[in-house]
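Notes to accompany the following structure.
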Amino acid sequence: MFTKGGQERVTSVKDDVIVVGGGPTGLMLACELALTGVRTRVLERRTEPQRDSRALTLHPRSVELLDQRGLLDRFLPLGRTVPGWHFAQLPTRLDFSRLDSRHGYTLFIPQARTEALLAERAAELGVEITRGHEVTGVRQDEDGIEAEVRGPGGVETVRARYAVGCDGGRSVVRRAAGIGFPGTDETAPARASPTRS
């Protein structure tokens with residue numbers, strides 16, 4: 001891996017874990033790791049925070065986890081609680097109010113707001129969120145992992161003890177680890193484009 005000038009750039013190990021993907025899953029994981037003292041860095045290919053919302057709902061278990069971490073008060077004022085909802089456009093509605101939980105509802109909140117709140121919390125915990133850096137390959141050796149990262153300054157090699165793939169269905173980390181993604185194609189009709197928030 002070389003930069004435009006032909007010089008190989010290798011970043012020494014400074015992180016315990018590299019989280020590949022800065023969406024809600026990657027950011028929440030980074031927060032969890034940081035709470036235990038794990039040095040964590042998030043690498044996200046997008047240069048700007050998410051503006052379009054692909055998802056609009058936090059389900060009861062996610063709400064419970066936010067409450068356990070003392071974060072729910074940040075989320076509730078920005079969303080709307082809904083006691084029942086459908087799943088994958090199926091006609092049978094789910095009644096969350098019947099759950100044995102203090103949070104028998106879904107929280108209707110745009111993904112962009114969820115990401116912003118989790119990024120804020122990650123920064124408070126000392127997590128480095130590096131935007132505009134796409135992980136294009138990952139290799140493991142006896143000392144940890146080596147990630148090939150394409151950023152504004154060219155391509156560099158970043159080392160860490162571990163890498164976690166939170167980079168979606170086409171995950172570079174998952175493919176590098178040889179983990180399959182079994183299943184079938186979706187059968188639901190295409191939905192309208194997501195709304196901006």
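Model, not experiment: these values are computed from the prediction. Just so you know, these numbers use all the heavy atoms, side chains as well, and skip hydrogens, waters and symmetry mates.
For the residue pair H133 and P152, the shortest heavy atom distance occurs at CE1-CD, 3.5 Å. The two atoms that bring A163 and V138 nearest to each other are CB-CG1, 4.4 Å, heavy atoms only. The two residues L29 and C166 have their closest heavy-atom pair at CD2-SG, 4.0 Å. Counting all heavy atoms, side chain and backbone alike, L125 lies closest to C31 at CD1-O, 3.6 Å.
Crowding of R131 atom CZ: a count of heavy atoms from other residues, nucleotides or ligands under 6.0 Å exceeding 12. Remark: E120 CD is packed, more than 12 non-hydrogen atoms of other residues, nucleotides or ligands lying under 6.0 Å away. More than 12 non-hydrogen atoms from other residues, nucleotides or ligands lie less than 6.0 angstrom from CZ of R93. In the displayed structure, R45 atom CZ is contacted under 6.0 Å by at most 12 heavy atoms of other residues, nucleotides or ligands.
Interatomic distance, E134 CD to L43 CG, rounded to the nearest 0.5 Å: 11.0 Å. Of the inter-residue distances, the one linking F96 atom CZ with H59 atom NE2 reads 5.5 Å to the nearest 0.5 angstrom. Annotation: the span from E156 atom CD to E148 atom CD amounts to 10.5 Å, rounded to 0.5 Å. Interatomic distance, CG of L33 versus CG of D16, reported as 9.0 Å (0.5 Å rounding). Considering CG of L107 and CZ of F75, their distance stands at 8.5 Å, rounded to 0.5 Å.
Following chains of ILVMFWY side-chain contacts shorter than 4.5 Å, one cannot reach Y162 starting from V20, and the two form parts of different hydrophobic clusters. Clustering ILVMFWY residues whenever any of their side-chain heavy atoms sit less than 4.5 angstrom apart, transitively, puts L56 in a cluster other than the one holding V63. No chain of hydrophobic side-chain contacts below 4.5 Å, direct or via other Ile, Leu, Val, Met, Phe, Trp or Tyr residues, connects L99 to Y105. No continuous path of ILVMFWY side-chain contacts below 4.5 Å connects I145 to V42, so the two sit in separate hydrophobic clusters. No continuous path of hydrophobic side-chain contacts links V135 to V17 [ILVMFWY only; heavy atoms under 4.5 Å].
When each of L58, D67, L65, L66 is checked for a side-chain contact (heavy atoms from CB on, under 4.5 Å) with H103, only D67 meets the rule.
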Check your understanding: Under the salt bridge (Lys or Arg N to Asp or Glu O under 4.0 Å) criterion, do R69 and E124 qualify, and how do the steps go?
Key -> CA-CA 14 Å; R69 289 296 181 248; E124 291 170 3; over 6 Å; no

Point to revise | Trace of the side chain to side chain contact (heavy atoms under 4.5 Å, CB included) decision for L27 with I129 | key: CA-CA 9 Å; L27 292 168; I129 301 172; 3.7 Å; yes

Check your understanding: Can V164 and V173 be said to form a side chain to side chain contact (heavy atoms under 4.5 Å, CB included), step by step?
Key -> CA-CA 7 Å; V164 181; V173 177; over 6 Å; no

Exercise for review: Report the C-alpha distance between M28 and R121 in whole Å, list the side-chain angles of each, state the deciding distance to 0.1 Å, and finish with yes or no for side chain to side chain contact (heavy atoms under 4.5 Å, CB included).
Suggested key: CA-CA 9 Å; M28 187 67 184; R121 178 58 175 156; over 6 Å; no

Point to revise | Test side chain to side chain contact (heavy atoms under 4.5 Å, CB included) applied to R159 and D141, step by step | key: CA-CA 10 Å; R159 292 197 58 85; D141 57 34; 3.0 Å; yes

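P24 is listed as a side-chain neighbour of L118, based on a closest heavy-atom distance under 4.5 Å. T106 places a side-chain heavy atom less than 4.5 Å from the side chain of P60. The closest side-chain heavy-atom distance from F108 to T57 is below 4.5 Å.
A donor-acceptor pair is defined here as one N or O able to donate and one able to accept, closer than 3.5 Å; such a pair exists between the side chain of Q111 and the backbone of A55. Although no hydrogens or angles enter the test, the distance criterion places a donor-acceptor pair under 3.5 Å between the side chain of E44 and the main chain of R46. In this structure a side-chain-to-backbone donor-acceptor pair under 3.5 Å is missing from D15 to R39. Here the side chain of D167 pairs a donor or acceptor atom with the backbone of V172 at under 3.5 angstrom. Panel note: side chain R113, backbone L78; a donor-acceptor pair is recorded below 3.5 Å. Panel note: side chain R174, backbone I179; a donor-acceptor pair is recorded below 3.5 Å.
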